[in-house]
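Here is the structure we will look at.
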Amino acid sequence: MTRPGQCVVLPADPVLGHPEQEVVARLWRRRQAKTGWLYLVGLPSYQDLEDGGVEAAEYRAWVRAPDHVRPVDGVDYDQVATEHLEPPPQSVVREVLGDHRPSGWVMAKVREGRGPARGVLHAPDCEEAPQGAPLLDAEHALYRDGPAV
């Protein structure tokens with residue numbers, strides 16, 4: 001299988017005075033990470049031989065997309081080995097309640113300022129929950145501007 005080309009952005013070198021450069025490299029794999037996509041590219045290079053000669057070689061490295069790679073116009077990437085992140089496991093609450101109850105919390109302010117007793121947490125579908133309040137996850141609900149009781 002022929003490996004599709006991928007445009008790799010090489011960093012600028014201020015010491016040598018070189019600007020950022022683009023080189024077409026081979027694309028070996030794509031991997032979805034929590035921080036975005038990573039691409040395993042093979043950059044053209046050279047290597048020394050034992051007899052003192054030099055031959056063409058390939059240097060492989062994982063680079064971050066889109067910061068360090070760009071697609072090449074007209075190239076089909078459908079055949080590139082691609083690893084997707086597994087979806088996170090379903091929470092026990094969501095598993096038990098299904099989609100009947102929204103996950104998260106909303107805060108009803110009791111008084112201004114910081115510290116305890118300044119607000120009350122409600123489930124989003126609670127009739128006492130303030131309408132239009134932002135949905136908070138547990139950590140933000142408990143520590144938004146100080147603990148809420």
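The structure presented is a predicted model; accordingly, all values stated were derived computationally and were not measured.
There is a path of hydrophobic side-chain contacts, each under 4.5 Å, that joins Leu27 to Val8. Tracing side-chain contacts under 4.5 Å through hydrophobic residues (I, L, V, M, F, W, Y), one reaches Val80 starting from Val63; they form part of the same cluster. In the hydrophobic cluster analysis, where Ile, Leu, Val, Met, Phe, Trp and Tyr join through side-chain heavy atoms closer than 4.5 angstrom, Leu40 is grouped apart from Val69. Both Val75 and Tyr39 are assigned to one and the same hydrophobic cluster, defined by single-linkage of ILVMFWY side chains at heavy-atom distances under 4.5 Å.
When all heavy atoms are compared, the tightest approach of Gly5 to Val24 is CA-CG1, 4.0 Å. In terms of heavy-atom proximity, Ala129 sits nearest to His122 at CB-CB, 3.7 Å.
The environment of OH in Tyr59 is sparse: at most 12 heavy-atom neighbours from other residues, nucleotides or ligands sit within 6.0 Å.
Checked by atom type and distance alone, the side chain of Gln6 pairs as donor or acceptor with a backbone atom of Arg70 at under 3.5 Å.
Rounded to the nearest 0.5 Å, atoms CG (Asp73) and SG (Cys7) are 9.5 Å apart. A distance of 11.0 Å separates CG in Asp13 from CG in Leu10, rounded to the nearest 0.5 Å. Note that the CG atom of Asp67 and the CH2 atom of Trp37 stand 15.0 Å from one another [nearest 0.5 Å].
Contact annotation: the side chain of Val72 never approaches that of Pro4 to less than 4.5 Å [non-hydrogen atoms, C-beta and beyond]. Counting heavy atoms from C-beta on, the side chains of Thr82 and Arg29 never come closer than 4.5 Å.
Cation-pi geometry between Arg31 and Trp62 is satisfied (NZ or CZ under 6.0 Å from the ring centre, within 45° of the ring normal).
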(Q) Run the side-chain contact (heavy atoms from CB on, under 4.5 Å) test on Val106 and Leu121 for me, step by step, so that the C-alpha distance in whole Å, both residues' side-chain angles and the decisive distance to 0.1 Å come before the verdict. (A) CA-CA 6 Å; Val106 294; Leu121 292 176; over 6 Å; no
Exercise for review: Go through the steps for Glu58 and Trp28 under the test side-chain hydrogen bond (donor to acceptor under 3.5 Å, both in side chains), then give the verdict.
Suggested key: CA-CA 12 Å; Glu58 182 179 76; Trp28 289 94; 3.2 Å; yes
Any chance you could lay out the side-chain hydrogen bond (donor to acceptor under 3.5 Å, both in side chains) test for Gln47 and Glu55, step after step, and finish with the verdict? CA-CA 6 Å; Gln47 67 183 12; Glu55 71 178 0; 2.5 Å; yes
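Salt bridge status for Glu83 with Arg30: absent, with no side-chain N to carboxylate O gap under 4.0 Å.
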